[in-house]
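This is a predicted model, so every value here is computed, not measured.
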2 protein chains.
Amino acid sequence: MKDIARELGVSVATVSRALSDSPSISKERRQAIQQYAREHNYFPNVIAEQLRHSRRNPSRAIGVIVPELVHYYFSSILDGIEAEASARGYHIIVAKSNESYEREVQICESMLKNKVCGIIVSQAKDTERYDHFEHLTASGVPLVFYDRICPALNASRVVVDDYMGTFNAVSHLITTGCKRIAFYGTSMNLQIGKNRFNGYRDALYKHGLTLDESLVRICDNRADAERITPAMMQMDDRPDAFFAVNDETAIGILAVVKRLGYVVPDEVSICGFTNGFRATVCDPMLTTVEQRGTQVGKEAADVLIGLVEGTLPHDHAEKRIVKTRLVVRGTTRHL
Amino acid sequence: MKDIARELGVSVATVSRALSDSPSISKERRQAIQQYAREHNYFPNVIAEQLRHSRRNPSRAIGVIVPELVHYYFSSILDGIEAEASARGYHIIVAKSNESYEREVQICESMLKNKVCGIIVSQAKDTERYDHFEHLTASGVPLVFYDRICPALNASRVVVDDYMGTFNAVSHLITTGCKRIAFYGTSMNLQIGKNRFNGYRDALYKHGLTLDESLVRICDNRADAERITPAMMQMDDRPDAFFAVNDETAIGILAVVKRLGYVVPDEVSICGFTNGFRATVCDPMLTTVEQRGTQVGKEAADVLIGLVEGTLPHDHAEKRIVKTRLVVRGTTRHL
DNA sequence: ACGGATTGCGCAAACGATTGCATTTAATTA
DNA sequence: TAATTAAATGCAATCGTTTGCGCAATCCGT
């Protein structure tokens, strides 16, 4: 701007006004300045702009905290966030907590320092204190949780309809003839653990089945599934179906069941939750609940931007629930 | 800082010096100021710091351009970049080009405006002009390519050893008894297409086999694989093995071959390239070349940071090749 | 006791933009 | 013709830091 001003013999203030099309500068000058700027491809220094406006205007950087990156669901969510953010003129700063509380705290601090306009976060597994999050909101940085929410905090959140997703999936197992349905879930102190279990339980009751505790297990990964499933299948009254909290676990079950010589889905049905890459790779293909990560990401970004731009009141806690969809494939019977 | 200065009755300059531990401030004052700052948890405004230093010091933001996000290899690379960057005090701004040239150009501009200290990029598929990249380097923003490199530009790059990876994989197929090995590759105008094909060709020659053009196809996704493979298998002298440019394609081949009633690996061997989620989900599990995305990401970040910090001369083009590793599983015969 | 070196600190100008207010010039009105 | 008003521009402060330079005060040796 200084150069332009010098070359055109005007003051920097005039240049600034001309470039922002202020009517207080005469039309001729304005156009001359704009043209000169264009020709010498001038573009404003964002840093300086930000410094000047630091009181009034937030930056256009959204912080995103992810527990891990090499993970179908989180990738999809990131994808959704990126899409929505970039469409609305924001960019995203991504950091991975590695499921560590310490790292999460560091990241929050660093993002605060780097003046993000808001943060979208899924907690690390071992996060049990929330001071760092409260500190952020206290500093005026809006927060939106996704996936792993923090029920203790009355913060905005976007989650998937775990309850109905599971309810529908289990109902489908029942209506296709399954009677003894095992449930592999996550620990009940995560919200999604509770919700999915409740969906399972209610679906059983709704169809007149009883809940058998011996069919309920904490198991959310393939290795554990491969370890505990053989014993399940050797029970006197073995399960004739499995509902797993994610596709990975379901794949583990499928591998064991096939290895033991059972035919899927004729003798054993299996249903997962995610609908990621894996679901169409296994044989038979996996019936699963589609988790719509991209949609979750978009909604999360939408809420955050709403908060940032003031469309939503700053202290408002928007709670959105994204509908799931049952995708029926080869590991369950058709009607 | 102003507040501190006022409260302690000194000038802002003194506060600044004290906080940076300048010896030109007396020890007592320095400590008093530092303590006061700590107690009132002051932290410097990064924006202002940057503005002040904009001439000398680059920012600590690395721009990362990815063609897509929901993709095993790219996720791993992003993971590696994030790990290396955060370990060295940088943060990453992630943008997805959606395989679009236009978007790629936009992203470059936006990152330039936002003063990233450098950019790590894998080109979009339809990028054929490179002005935007040249414009960046001309503006002093170092560039590191990964995966899809731009041979026309003499820029830094980190790629996987496509040639040897393929060479070894095909050699493995041959030594386990395969004689007619089909090759499903990507278009030859991508560097990786060429390199992998050459590895395939040379492995054949090395073992005294001839190259049969009818066994070479352009095919890099599952849908295409499922479409063209049946015809391959109906040839008079059908292939007894397939090498596919990625796991996804290999899975497509596997699905078709199994559907047609062939036994894998006894009658047909299959080898992929990636070693992503899919490889352990299919049945039998996939023999594949491990692509080590995380390592690629780390190296890319390492090179970029070297360029930024001046460890590497700014105009230097560092070219790194990450070794692959053959992971033998169930879709190929063992010795 | 006096000149010269320290030592410790503050002034003010940057960094690149924006903006309230003053100022100049021209046009309008009485 | 003088006074009033409107239009176009410039001055200078500001955002939060850093830093070259200069000014006092203290210290040293002689």
Taking atom types as they are modelled, is there a donor-acceptor pair under 3.5 Å from the base of C/dG10 to the side chain of B/Arg17? yes

Donor-acceptor pairs under 3.5 angstrom involving side-chain atoms of residues 109-119 of chain B: please list them, not counting sequence neighbours.
{"from": "B/Asn114", "atom 1": "ND2", "to": "B/Ser110", "atom 2": "O", "distance (Å)": "2.8"}

Main-chain N/O of A/Glu49 paired with A/His53 side-chain donor or acceptor, under 3.5 Å: yes

Euclidean distance, atom CD1 of residue A/Ile25 to atom C1' of D/dA7 [Å, nearest integer]: 10 Å

Could you say whether A/Val15 or A/Ala48 is positioned toward the 5' end of DNA chain D, judged by the nucleotide with the nearest heavy atom to each? A/Val15

Examine D/dT9: is either OP1 or OP2 under 4.0 Å from a nitrogen or oxygen in the side chain of A/Thr14? Give yes or no. no

Looking only at N and O atoms, is any donor in the side chain of B/Arg52 or the base of C/dA14 less than 3.5 Å from an acceptor on the other one? yes

To the nearest Å, give me how far apart CD1 (B/Ile47) and C1' (C/dA17) are. 13 Å

Which of these nucleotides, C/dA17, D/dT18, D/dC11, is closest to any side-chain atom of A/Ser11? D/dC11

Starting at CZ of B/Arg29 and ending at C1' of D/dA25, how long is that distance when rounded to a whole Å? 13 Å

Taking the ring centre of each residue, are B/Phe133 and B/Phe145 less than 6.0 Å apart? yes

Which of these nucleotides, D/dA8, C/dG8, C/dT19, is closest to any side-chain atom of A/His53? C/dT19

Nearest-nucleotide 5' precedence on DNA chain C, B/Pro23 against A/Tyr42: B/Pro23

How many whole angstroms separate atom CD1 of B/Ile4 from atom C1' of C/dG10? 17 Å

Measuring from the side chain of B/Val10 (C-beta onward, heavy atoms only), which nucleotide among C/dG16, C/dG10, D/dT18 has the closest atom? C/dG10

Can a side chain N or O of A/Lys2 be found less than 4.0 Å away from OP1 or OP2 on C/dC15? yes

Taking only side-chain N and O atoms of B/Ser24, does any of them lie within less than 4.0 angstrom of OP1 or OP2 on C/dT7? no

Should the pair A/Tyr36 and A/His40 be assigned to parallel (<30°), tilted (30 to 60°) or perpendicular (>60°) ring geometry? parallel

Length of the CD-P vector between A/Glu28 and D/dA8, whole Å: 8 Å

Ranking C/dG16, C/dG8, D/dT17 by distance to the side chain of B/Leu51, first place goes to C/dG16

So does A/Arg55 get a side-chain nitrogen or oxygen closer than 4.0 Å to the phosphate oxygens (OP1/OP2) of D/dG16? yes

Out of B/Lys96, B/Gln123, B/His132, which residue meets the side chain to side chain donor-acceptor pair (under 3.5 Å) rule with B/Glu104? B/His132

Give the rounded distance in Å between these two atoms: CD of B/Gln50 and P of C/dA17. 15 Å

Determine the contact category for A/Ser26: base if any of its heavy atoms lies under 4.0 Å from a base atom, sugar-phosphate if only primed atoms, P, OP1 or OP2 are that close, otherwise nothing. sugar-phosphate

